[in-house]
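Right, one structure below, let's go through it.
The residues of the chain are indexed from 1 along the displayed sequence.
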Amino acid sequence: MRTPHGALLLLFILVCLRGAYSGGGRSRFTSIISFGDSYADTGNLVMWADPVLPALPLKNLPYGETFFGHPTGRATDGRLVLDFIADALGLPSVPPYLAKANNFSAGVNFAVVGAPALNLTYLQGLNLTVNPPINSSLHDQLVWFQKLKPSLCKGQGTDCFGSSLFVLGEFGGNDYISFLLSNKTVEQARPYVPQIVDSISRGVEVLCCAQDGSKYIVVADIFPIGCLPGALTNLASPNKVEYDRHGCLKRVNRLARYHNSLLRQKIKMLRYKYPHTKIIAAEYYKPFLAFLDMPGHFGLNSSTTLLTCCGAGGPPYNYDFNAGCGLPGVNACADPSQALQWDGFHLTESAYRAVANGWLHGPYADAPILHIAR
């Protein structure tokens with residue numbers, strides 16, 4: 001029997017009030033290997049050497065101001081879910097793959113801001129605008145992993161990744177955003193959901209089915225895209241019935257829920273197919289809704305849950321594509337710790353901390369990461 005949403009929300013609040021387990025404890029995991037997009041990138045995009053990339057606002061303050069005091073390549077004001085997970089497992093921050101000089105003995109992060117589940121050339125062949133237009137898809141990240149694997153496994157035998165926690169995702173959000181911001185409708189994007197989810201499923205199989213494959217994989221779902229200020233601004237409708245009680249776009253969130261439903265089905269099938277691999281289903285969607293339902297319980301300002309903290313333009317969303325975070329004259333709100341939304345498409349460190357708590361302790365990971373870490 002599924003736990004009612006209200007009970008899950010109460011459990012989530014209690015966990016967040018208790019705070020995440022923090023570093024130094026004994027754990028079965030000695031490294032973290034991460035794949036994903038801007039919700040997990042710890043610096044790969046800003047290190048990208050491709051000359052087609054313009055100057056990235058991500059390299060400028062106020063990105064990184066809350067925890068690091070300077071930009072790090074993370075698309076937020078401080079730390080990401082991945083950072084809090086590493087800390088809880090007593091591991092250092094997971095270094096980006098493109099930081100070649102780094103020591104990857106405690107993990108490596110292949111995630112890149114803007115990374116889709118499907119390949120760049122395929123998406124462009126559908127006449128979609130992909131931003132940034134670089135080869136950073138899930139497939140590309142898995143190729144990087146295969147190239148790096150010999151050095152990661154050197155001298156470790158066939159159980160190379162037995163004590164590694166793999167974190168896959170989220171993936172898919174950028175694919176759908178590419179559709180929606182390329183003047184495609186939700187109805188036009190919907191037929192591609194099975195293909196996108198299949199791509200993620202194949203990625204899980206690449207990681208778990210090899211002889212030296214992973215034994216522990218976290219697979220994340222996607223956010224309610226229709227609640228993000230960037231989407232709300234660009235896809236605004238004059239029809240009030242298009243919006244739910246929180247002010248989010250219902251049709252866009254239906255697309256995200258469809259994706260998450262198919263992904264859960266795939267995870268169930270993969271668990272049956274690979275019984276010796278622990279596949280953990282982790283959620284971004286439900287904790288985001290919890291923030292909207294009861295913002296005060298997470299220390300969030302209830303009047304600004306759909307406003308960008310670092311942006312311009314004022315209400316209703318404080319988002320302007322031409323005046324994005326990191327550009328001259330664009331400032332962050334006075335207290336990001338009370339804000340949910342950071343720059344129009346990403347959350348604040350405060351929100352990511354709460355999501356991490358839900359993954360580490362439950363109820364938003366099946367099974368909670370710390371339950372299997374010991």
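Of the N and O atoms on the side chains of Ser164 and Ser31, at least one donor lies less than 3.5 Å from an acceptor on the other residue.
Judged by distance alone, with hydrogens and angles left aside, the side-chain atoms of Thr304 form no donor-acceptor pair with the main-chain N or O of Ala339 at under 3.5 Å. Distance alone, capped at 3.5 Å, places no donor-acceptor pair between the Asn174 side chain and the Pro116 backbone. In this structure, Asp343 contributes its side chain and His346 its backbone to a donor-acceptor pair below 3.5 Å. Distance alone, capped at 3.5 Å, places no donor-acceptor pair between the Thr72 side chain and the Gly64 backbone. The backbone N or O of Lys266 sits nowhere less than 3.5 Å from a side-chain atom of Ser201 that would complete a donor-acceptor pair. Within the 3.5 Å criterion, the main-chain N or O of Val241 finds a donor-acceptor partner in the side chain of Lys250. Using modelled atom types, one side-chain atom of Asn318 and one backbone atom of Thr308 make a donor-acceptor pair closer than 3.5 Å. Side-chain atoms of Asn109 come within 3.5 Å of backbone N or O of Ala40 as a donor-acceptor pair. Checking side-chain atoms of Asp175 against main-chain N and O of Leu118 turns up a donor-acceptor pair under 3.5 Å. Side chain of Ser182 to backbone of Thr129: a donor-acceptor contact under 3.5 angstrom is found.
Contact of the Asn357 side chain with the Phe84 side chain is not registered, since no non-hydrogen atoms from C-beta on lie closer than 4.5 Å.
A salt bridge between Asp87 and Arg79 is absent, with no side-chain N of the basic residue lying under 4.0 Å from a carboxylate O of the acidic one. For the pair Asp366 and Arg271, the salt-bridge criterion is met [side-chain N within less than 4.0 Å of a carboxylate O].
Grouping the Ile, Leu, Val, Met, Phe, Trp and Tyr side chains by contacts below 4.5 angstrom, directly or via other members, places Leu347 apart from Val330. Note: the hydrophobic cluster containing Leu89 also contains Val218 (ILVMFWY, side chain heavy atoms under 4.5 Å, direct or indirect links).
Within the structure, salt bridge (charged side-chain N to carboxylate O under 4.0 Å, His left out) pairs that include any residue of residues 108-134 do not occur (at least two apart or interchain). Screening residues 233-248 for salt bridge (charged side-chain N to carboxylate O under 4.0 Å, His left out), with sequence neighbours left out, gives Glu242-Arg251, Arg245-Asp293.
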Run the numbers on Ser105 and Asn103 for side-chain hydrogen bond (donor to acceptor under 3.5 Å, both in side chains), then give the verdict. CA-CA 6 Å; Ser105 61; Asn103 178 0; 3.0 Å; yes

ring-ring contact (aromatic ring centres under 6.0 Å, His included) assessment of Tyr352 paired with Trp359: CA-CA 10 Å; Tyr352 287 135; Trp359 289 17; 9.8 Å; no

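Ring planes of Phe166 and Phe35: parallel class, angle under 30° (limits at 30 and 60°).
Taking the ring centroids of Phe161 and Phe145, they lie under the 6.0 Å cut-off.
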